[in-house]
Amino acid sequence: MALQVGIDRSGVNPLTVTALCPCSKVHALSKSGGTILGLGSQSTKVKFRLVVHGGSHGVLRVPKVSPMYCRLFMAVAKAESDFVGEGVGEEEVGQSYDLSKRDNLHTGNEHKASQLKKRVLSGLGIGIAVGSVVLAGGWVFTIAVAAAAYVGAREYFELVRSRGIASGMTPPPRYVSRVCSIISALMPILTLYCGHAEVSVAFAAFVVAITLLLQRGNPRFAQLSSSMFGLFYCGYLPCFWVKLRCNFAAPALNTEISGVWPVVLGGQTHWTVGLVATFFTISSIIAADTFAFLGGKAFGRTPLINISPKKTWEGALIGLVGCIAASTILSKILSWPKSLPRTIAFGFLIFFGSLFGDLTESMIKRDAGVKDSGTLIPGHGGLLDRADSYMFTGALAYSFVKIFLPLFGV
């Protein structure tokens, strides 16, 4: 921007901030009593150029002018630049902050909606698949449990090898982890074939112990203990779901749905005590988890335990009530078990087994320093993140039906 200002010998031409910058802010300053600078009457005709660099301050280039005039022009330009720059800068910062805040909020809402959509779709897919597998029973159910045991074992040993756990202990070698994962997958199959899991557990423990002892280097007890717990957690406990579904082959005669079940799908004899007990247990676990989650979100105030900060006493109590209510309703629908007190006791047992399994997996993940055990299921994490509530519950349900229900609740 180049300006020329003429100053005659006979008069004074006032030099103002408005003359240097025609913007509205500077006009407002001039009208509101801004300083008007001028030159004395004894002056020569001067030509000068105003150059503004970067909007931070102005620089006046005045050729062949006395130092007094130079200082005067510099003061005018600097006052103009500071006034305009300050107002514009504050306004631009405020607008940028508001836009950034709105963008972050919009992005966060989109991410939450996307995660919720993934969780719902994944949950529906898992529910349909699990329901079909449970209905099929036999080898279909057993192979599905074996596959889940293998994937769960792989996730478990990855957690054991993570930085958080491995920093305090020596993890088992990778080939031992792979052997344990394969054995965990074979244990449910051996349970169906042999009818019990004790032989497979003893054989698996022997193989793992020999493998660790014969490894190169110095074997560590931490390697043995973490491997044995992996076999118990990911291999032995899932076997009880096979025993619950397949070992109780007596028909559930009082279940009304069996009377209308198509002959093509097995007819009335397809609805055995094992099928009813498995559906009863899985449905009660889903109810416990759902009510505990919703209750904790709505009313959660008091933390339940340090290893899982998001769990609250309020959510746990609401989950317990929801689990017992679901068990009671299922008992009326399936006509199993026939005794209401035993139904309520069964609901208590299922809830505490579900909660204990969830907290156990939370403890492992907390030591590992991770949020999820894996990324297999979109919106949910790993398989252990979804199956943690089922780990101990299968063994508890099988023991309850076998010991505390006369004639298996029929």
Side-chain angles (χ1 to χ4, degrees), residues 125-157 178-205 207-208 230-252 255 258 261 264-267 269-286 336 350 353-354 357 374 376-377 382-384 386-402 408:
I126 293 172
I128 294 173
V130 170
S132 302
V133 167
V134 171
L135 273 174
W139 282 102
V140 175
F141 181 79
T142 304
I143 294 298
V145 172
Y150 176 80
V151 175
R154 297 290 292 173
E155 291 182 356
Y156 166 79
F157 283 105
R178 296 188 182 100
V179 169
C180 290
S181 300
I182 295 173
I183 293 176
S184 297
L186 292 175
M187 290 171 70
I189 299 174
L190 292 175
T191 300
L192 180 67
Y193 181 76
C194 301
H196 47 78
E198 289 76 11
V199 176
S200 59
V201 171
F203 175 76
V207 171
V208 172
L231 289 175
F232 168 77
Y233 187 65
C234 302
Y236 179 66
L237 290 177
C239 292
F240 284 95
W241 283 103
V242 176
K243 298 175 73 172
L244 179 67
R245 173 64 182 90
C246 302
N247 282 16
F248 297 125
T255 303
S258 63
W261 192 251
V264 178
L265 298 178
T269 57
H270 185 75
W271 282 85
T272 62
V273 172
L275 175 59
V276 174
T278 304
F279 265 125
F280 185 97
T281 305
I282 292 176
S283 301
S284 298
I285 292 173
I286 294 174
W336 184 95
I350 291 173
S354 169
L376 178 66
I377 306 173
L383 180 68
L384 289 180
R386 288 297 89 202
D388 53 2
S389 300
Y390 299 80
M391 287 299 190
F392 295 96
T393 315
L396 296 175
Y398 173 79
S399 302
F400 185 86
V401 173
K402 186 174 182 178
F408 305 139

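Quantities reported herein were computed from a predicted structural model and do not represent experimental measurements. Index from 1, following the sequence.
- With contacts defined as side-chain heavy-atom distances shorter than 4.5 Å, the pair W336/V401 qualifies.
- Here CZ of F400 is found 12.5 Å from CG of L244. Values are rounded to the nearest 0.5 Å.
- E155 places no side-chain N or O within 3.5 Å of a backbone atom of G382 that could act as its donor or acceptor partner.
- Separating the CD1 atom in I182 from the OH atom in Y150 is a distance of 6.0 Å, to the nearest 0.5 Å.
- Residues M391 and Y233 approach most closely at SD-O, 3.5 Å, considering heavy atoms.
- Across every non-hydrogen atom of G152 and L384, the tightest pair is O-CD1, 3.7 Å.
- K402 places a side-chain heavy atom less than 4.5 Å from the side chain of F248.
- Using cut-offs of 30° and 60° on the angle between ring planes, the pair W271 and W261 is perpendicular.
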Side chain to side chain contact (heavy atoms under 4.5 Å, CB included) evaluation trace for F141 with L192: CA-CA 10 Å; F141 181 79; L192 180 67; over 6 Å; no

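- The two residues V201 and M187 come nearest to each other via the heavy atoms CG2-CE, 3.4 Å.
- Taking every heavy atom of both residues into account, S389 and I285 meet most closely at CB-CG2, 3.9 Å.
- For the pair L237/F232, a side-chain contact is recorded, criterion being any heavy-atom separation below 4.5 Å from C-beta on.
- The line from CZ of R245 to OH of Y398 is 14.5 Å long, rounded to the nearest 0.5 Å.
- In summary, the aromatic rings of F392 and F240 are positioned with their centroids too far apart to meet the 6.0 Å limit.
- Contact annotation: the side chain of F203 never approaches that of L190 to less than 4.5 Å [non-hydrogen atoms, C-beta and beyond].
- With a 4.5 Å cut-off on side-chain heavy atoms, L396 and I350 do not count as touching.
- Rounding to the nearest 0.5 Å places CZ of F157 at 4.0 Å from SG of C180.
- Using a 4.5 Å cut-off on side-chain heavy atoms (C-beta onward), Y390 and I282 make contact.
- Residue S184 comes nearest to C234 through the heavy atom pair CB-O, 4.0 Å, listed as atom of the first residue, atom of the second, then distance.
- Looking only at side-chain heavy atoms (C-beta outward), N247 and V242 stay at 4.5 Å or farther from each other.
- Shortest non-hydrogen contact noted between A144 and V133 is CB-CG1, 3.6 Å.
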